[in-house]
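Accompanying notes for the structure given below.
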Protein chains: 2
Amino acid sequence: MTERISDAEHAVMEVLWKRAPLTATEVADQVVQEKDWSLQTVKTLLSRLAAKAVVGTERDGRRFLYSPLVERDAYLTGVSRNFVDRLFGGKVMPLVAHLAEADELSAEDIREIEELLRELKK
Amino acid sequence: MTERISDAEHAVMEVLWKRAPLTATEVADQVVQEKDWSLQTVKTLLSRLAAKAVVGTERDGRRFLYSPLVERDAYLTGVSRNFVDRLFGGKVMPLVAHLAEADELSAEDIREIEELLRELKK
DNA sequence: CGTCAGTGACTACATGTGTAGTTTCATCGA
DNA sequence: TCGATGAAACTACACATGTAGTCACTGACG
């Protein structure tokens with residue numbers, strides 16, 4: 001069971017998944033461009049992630065370098081699975097159907113998915 | 001902005017979406033078959049949902065009858081959209097790709113989705 | 001008529017989450 | 001050497017959530 005990552009923490013992870021290791025300040029600089037948080041907030045989130053062993057810390061002189069310990073792919077697979085299980089009884093079809101009915105699928109999306117499925121069948 | 005429904009609350013909603021209106025006790029009877037909660041817990045969840053106007057209450061003598069005020073479809077569309085936005089930048093393809101790579105898609109799933117997409121293109 | 005069972009209302013309480021402020025400690029530059 | 005700076009650590013605090021206990025009321029039943 002992968003450790004739970006909250007929404008706010010997720011924003012921090014996205015930065016680290018893009019580039020790592022980074023110092024807290026570097027992470028905050030990135031995050032602040034998206035979310036309107038203070039430096040302290042980002043540091044707290046980093047601490048919590050470190051406490052949960054979702055990011056690792058490496059001492060670099062007087063400061064720390066943070067790196068993800070969980071891979072983005074693994075994380076996404078986990079939450080997606082959980083999501084589909086909880087809301088759609090584990091079936092992907094109803095999810096796609098829903099998005100489709102709600103006009104959330106562009107023609108582009110549809111083409112891409114078809115392509116992907118064709119690949120899968122090989 | 002549809003009111004936030006927590007995980008526990010969602011379990012209660014599923015019961016009401018299946019059949020409504022129901023009394024608190026009737027809801028609890030159903031929910032307890034899934035989750036190992038006490039009657040009180042279910043009542044609390046119903047109160048919170050009523051407070052958020054996600055379910056409506058109708059007096060029936062000395063007790064209340066509860067009915068959903070939010071449709072299941074609308075709710076699912078909302079959370080799906082939110083989920084895909086937050087985790088996959090609004091694109092459905094990466095989500096499907098993820099589930100596919102993690103072997104979460106059966107051949108059956110794939111056929112069904114293809115069928116659905118074919119329909120959509122008409 | 002008094003009691004009990006069922007029901008909603010109110011209260012509780014630990015943990016998680018969003019969002020920071022304050023303290024302390026080390027180091028770098030003057 | 002000494003103070004300013006910057007970074008981590010510790011503390012804070014309100015609201016959400018999971019999970020439930022207790023109270024008060026009311027109608028049914030003996």
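Nothing here was measured: the structure is a model prediction, and the numbers come from that model. Lettering follows sequence order; numbering is per chain, from 1.
- One atom, CD1 of A:Ile5, and another, P of C:dG18, lie 12 Å apart when rounded to the nearest Å.
- Considering only side-chain atoms of A:Arg62, the nucleotide from D:dG18, C:dG18, C:dC28 that sits closest is C:dC28.
- Of the listed nucleotides (D:dT19, D:dG21, C:dT7), D:dG21 has the atom at the smallest distance from the side chain of B:Gln40.
- Counting heavy-atom neighbours within 6.0 Å of B:Asp36 CG, excluding the residue itself, gives a total of 12 or less.
- Among all heavy-atom pairs drawn from B:Met13 and B:Leu49, the shortest one is SD-CD1, 3.7 Å.
- A donor N or O paired with an acceptor N or O is found under 3.5 Å between the base of D:dG18 and the side-chain atoms of B:Arg48.
- Rounded to whole Å, atom C1' of D:dG18 lies 16 Å from atom NE2 of B:His10.
- A donor-acceptor contact closer than 3.5 angstrom links the side chains of B:Ser38 and B:Thr41.
- Considering only the side chain of B:Phe64, C:dA9 comes nearest among D:dA8, D:dG18, C:dA9.
- With hydrogens and angles left out, the side chain of B:Arg4 and the base of C:dT17 share no donor-acceptor pair within 3.5 Å.
- Rounded to a whole Å, the CG atom of A:Leu46 is 9 Å from the P atom of D:dA8.
- B:Val12 pairs with exactly one of B:Leu45, B:Val54, B:Ile5, B:Val55 by the side-chain contact (heavy atoms from CB on, under 4.5 Å) rule, that one being B:Leu45.
- Residue-to-nucleotide contacts include no donor-acceptor pair under 3.5 Å from the side chain of A:Ser38 to the base of C:dA20.
- The separation between B:Leu22 atom CG and C:dT7 atom P is 13 Å, rounded to whole Å.
- Of the candidate nucleotides D:dT19, C:dT17, D:dA7, D:dA7 has the atom lying nearest to any side-chain atom of A:Lys43.
- The CG-P distance, from A:Leu45 to C:dG16, rounds to 15 Å in whole Å.
- One interatomic measurement links the two molecules: CZ of B:Arg59 to C1' of D:dG27, which rounds to 13 Å at whole-angstrom precision.
- Here C:dG16 presents its C1' atom at 9 Å from NZ of A:Lys52, a figure rounded to the nearest Å.
- Within the 4.0 Å cut-off from OP1 or OP2 of C:dG8, not a single side-chain nitrogen or oxygen of B:Ser47 is found.
- The CG-C1' distance, from A:Asp7 to C:dG16, rounds to 12 Å in whole Å.
- Across all strands shown, B:Thr44 has heavy atoms under 4.0 Å from base atoms, whether or not it also approaches the sugar-phosphate.
- Using a 4.0 Å heavy-atom criterion, one finds that A:Ser6 contacts the sugar-phosphate atoms exclusively.
- Each of C:dT7, D:dA7, D:dG18 was ranked by its minimum atom distance to the side chain of A:Arg63; first place goes to D:dA7.
- None of B:Lys52, B:Arg4, B:Arg48 except one satisfies the salt bridge (charged side-chain N to carboxylate O under 4.0 Å, His left out) rule with B:Glu9; the exception is B:Lys52.
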